[in-house]
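So that the names make sense, note that chain A is the first sequence line, chain B the second, and so on, each numbered from 1. What you see is a predicted model; the values in this text were computed from it and never measured.
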Protein chains: 2
Amino acid sequence: MKRLAEDDVVRYADMFTAMGTEPRLRIMRLLLSAHPDGLVVGEIQAELRMSASTLSHHLDKLKNEELVGVAREGTYLRYTANTDALRQLLSFLYAECCTRNRAIRPESIVRVCK
Amino acid sequence: MKRLAEDDVVRYADMFTAMGTEPRLRIMRLLLSAHPDGLVVGEIQAELRMSASTLSHHLDKLKNEELVGVAREGTYLRYTANTDALRQLLSFLYAECCTRNRAIRPESIVRVCK
DNA sequence: TCTATAGTTCTATGATAACAGAACTATAGA
DNA sequence: TCTATAGTTCTGTTATCATAGAACTATAGA
């Protein structure tokens, strides 16, 4: 209960970078839209119109940061958003802004009553 | 009520990139800790131990993405976290994960009851 | 005006990233 | 085994980024 943020700064920075380009952020959005089924590479390519090799590199980067997972289905490869990693990233940002520091009011982000 | 995310993808990607290095993420964390007062450049430098010119470049990048603001105080320059931009970024990520898509349960991020 | 202090901008270098055509690998089906 | 399809990896080019010493700018005070 001390490594909540301090030691993981580098990891979260890498995750931010992984989502820090338009193509990759669009990929993440697309995979989130298709969650939990995910999408096959060809479907992503058809939607986002980029060369196969470029797309493959972006997917590789997202996979390295564990923001997406991949599973083979015959000749297809199906990519899915890793919601667990995203939840951690979102929690980190939320904590930095709203709880560890009181810079932002939680109610301005979300109104949950569970 | 349509440009909530679609058109701003590039901007949010740039914001993610701005926070996507360890030095800059540490700067943001530091400024959030010091919010709303912020910190003078020398104080940031003393805390994070980097050369003045390198720090200045990082601050410039954060300023370009409007993640921080700056105001002169005599010979000092005081930087502050731009909570409005951070709130937008957090809201974007929250929306993508929790509302626009239901990939992540809001309760797993935050328990707010206002 | 002269000096000291705070920070930025200039200049340069090495490292990393984005992109995409070409070649390669993996799987399914004939 | 041969072929077609789906993606990845190889190769190379171009561009951007991180870093920091040196030079410069801005402000306050004597």
Side-chain angles (χ1 to χ4, degrees), chain A residues 9-31 34 37-82, chain B residues 9-31 34 37-82:
Chain A
V9 171
V10 176
R11 183 181 163 234
Y12 289 121
D14 289 342
M15 290 173 73
F16 281 133
T17 287
M19 301 216 297
T21 70
E22 183 185 358
R24 286 198 295 269
L25 188 50
R26 288 200 185 279
I27 291 169
M28 289 307 299
R29 277 167 48 86
L30 199 55
L31 291 180
D37 294 341
L39 292 169
V40 151
V41 175
E43 294 173 323
I44 303 174
Q45 189 183 4
E47 181 75 23
L48 300 184
R49 312 291 183 112
M50 62 181 84
S51 87
S53 72
T54 297
L55 174 56
S56 194
H57 283 302
H58 284 311
L59 289 172
D60 188 57
K61 186 141 208 163
L62 291 171
K63 191 176 48 156
N64 284 335
E65 300 309 328
E66 297 185 300
L67 284 167
V68 303
V70 59
R72 185 170 277 280
E73 288 183 0
T75 55
Y76 300 87
L77 287 178
R78 179 169 295 270
Y79 281 83
T80 49
N82 182 351
Chain B
V9 171
V10 176
R11 183 182 162 233
Y12 289 122
D14 289 342
M15 290 173 74
F16 280 133
T17 288
M19 300 215 296
T21 69
E22 184 185 357
R24 286 197 297 267
L25 189 50
R26 289 200 185 278
I27 291 170
M28 289 307 300
R29 277 166 48 84
L30 199 54
L31 291 180
D37 293 342
L39 292 169
V40 151
V41 175
E43 294 172 323
I44 303 174
Q45 189 183 3
E47 181 76 22
L48 300 183
R49 311 290 184 109
M50 62 181 86
S51 88
S53 72
T54 297
L55 174 56
S56 193
H57 283 301
H58 284 310
L59 289 171
D60 187 58
K61 186 142 208 163
L62 291 170
K63 191 177 48 161
N64 283 335
E65 300 309 327
E66 298 185 299
L67 285 166
V68 302
V70 60
R72 183 171 279 280
E73 289 183 359
T75 55
Y76 298 87
L77 288 178
R78 179 170 295 272
Y79 281 82
T80 49
N82 181 350

*Asks:* Rounded off to whole Å, could you give me the NE2-to-P distance for the B:H58 and D:dA18 pair?
*Replies:* 6 Å

*Asks:* Just jot down the side-chain hydrogen bond (donor to acceptor under 3.5 Å, both in side chains) partners of B:T54, sequence neighbours excluded, or say none.
*Replies:*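 B:T54 satisfies side-chain hydrogen bond (donor to acceptor under 3.5 Å, both in side chains) with B:S51 once adjacent residues are dropped.
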
*Asks:* Could you check how far CZ of A:R49 sits from P of C:dC19, rounded to whole Å?
*Replies:*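 Rounded to the whole Å, the gap is 17 Å.
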
*Asks:* Rounded to whole Å, how long is the line connecting atom CE of B:M50 with atom P of D:dG21?
*Replies:*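 Going from B:M50 (CE) to D:dG21 (P), I get 14 Å.
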
*Asks:* What is the distance from atom OH of A:Y12 to atom CE of B:M19, rounded to the nearest 0.5 Å?
*Replies:*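 The CE atom of B:M19 is 12.5 Å from OH of A:Y12, to the nearest 0.5 Å.
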
*Asks:* What residues, two or more places apart in sequence or in another chain, satisfy side-chain hydrogen bond (donor to acceptor under 3.5 Å, both in side chains) together with B:E22?
*Replies:*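 For B:E22 the side-chain hydrogen bond (donor to acceptor under 3.5 Å, both in side chains) partners, ignoring immediate neighbours, are B:R26.
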
*Asks:* Using whole Å, what does the distance between atom C1' of nucleotide D:dT19 and atom CD1 of B:I27 come to?
*Replies:*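 Taking atom C1' of D:dT19 as the reference, CD1 of B:I27 is at 13 Å.
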
*Asks:* List, one per line, each side-chain donor-acceptor pair under 3.5 Å for residues 58-72 of chain A, sequence neighbours excluded.
*Replies:*
unit_1 : atom_1 : unit_2 : atom_2 : d
A:H58  : ND1    : A:R24  : NH1    : 3.0
A:N64  : ND2    : A:D60  : O      : 3.3
A:R72  : NH1    : A:G74  : O      : 3.0

*Asks:* For A:E73 and A:K61, take the nucleotide of DNA chain C holding the closest heavy atom to each; which residue's nucleotide lies nearer the 5' end?
*Replies:*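 With A:E73 and A:K61 compared, the 5'-side residue is A:K61.
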
*Asks:* Output the rounded distance in Å from CG (B:D14) to P (C:dA18).
*Replies:*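 In whole Å, C:dA18 P lies 12 Å from B:D14 CG.
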
*Asks:* For a quick test of your reading: what N or O donor-acceptor pairs under 3.5 Å do the side chains of residues 39-48 of chain A make, sequence neighbours left out?
*Replies:*
unit_1 : atom_1 : unit_2 : atom_2 : d
A:E43  : OE1    : A:V40  : N      : 2.9
A:Q45  : NE2    : A:M50  : O      : 3.2

*Asks:* What string of B, S and - do you get for nucleotides 1-13 of chain C, 5' to 3', when a contact is any protein heavy atom under 4.0 Å?
*Replies:* -----SSBBB---

*Asks:* To the nearest 0.5 Å, what is the distance between CG on A:L25 and CG on A:L30?
*Replies:*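 If I round to the nearest 0.5 Å, the distance is 11.0 Å.
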
*Asks:* Using Watson-Crick or G-U wobble pairs with both distances under 3.5 Å, give me DNA chain D in dot-bracket, 5' to 3', with [ ] for crossers and | for pairs to another strand.
*Replies:* ||||||||||||||||||||||||||||||

*Asks:* To the nearest angstrom, how far is A:N64 atom CG from C:dA18 atom P?
*Replies:* 12 Å

*Asks:* Just jot down the side-chain hydrogen bond (donor to acceptor under 3.5 Å, both in side chains) partners of B:H57, sequence neighbours excluded, or say none.
*Replies:*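 side-chain hydrogen bond (donor to acceptor under 3.5 Å, both in side chains) list for B:H57, sorted by chain: empty.
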
*Asks:* Tell me whether A:R78 contacts the main-chain N or O of A:G38 through its side chain, where contact means a donor paired with an acceptor under 3.5 Å.
*Replies:*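 It does hold such a pair.
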
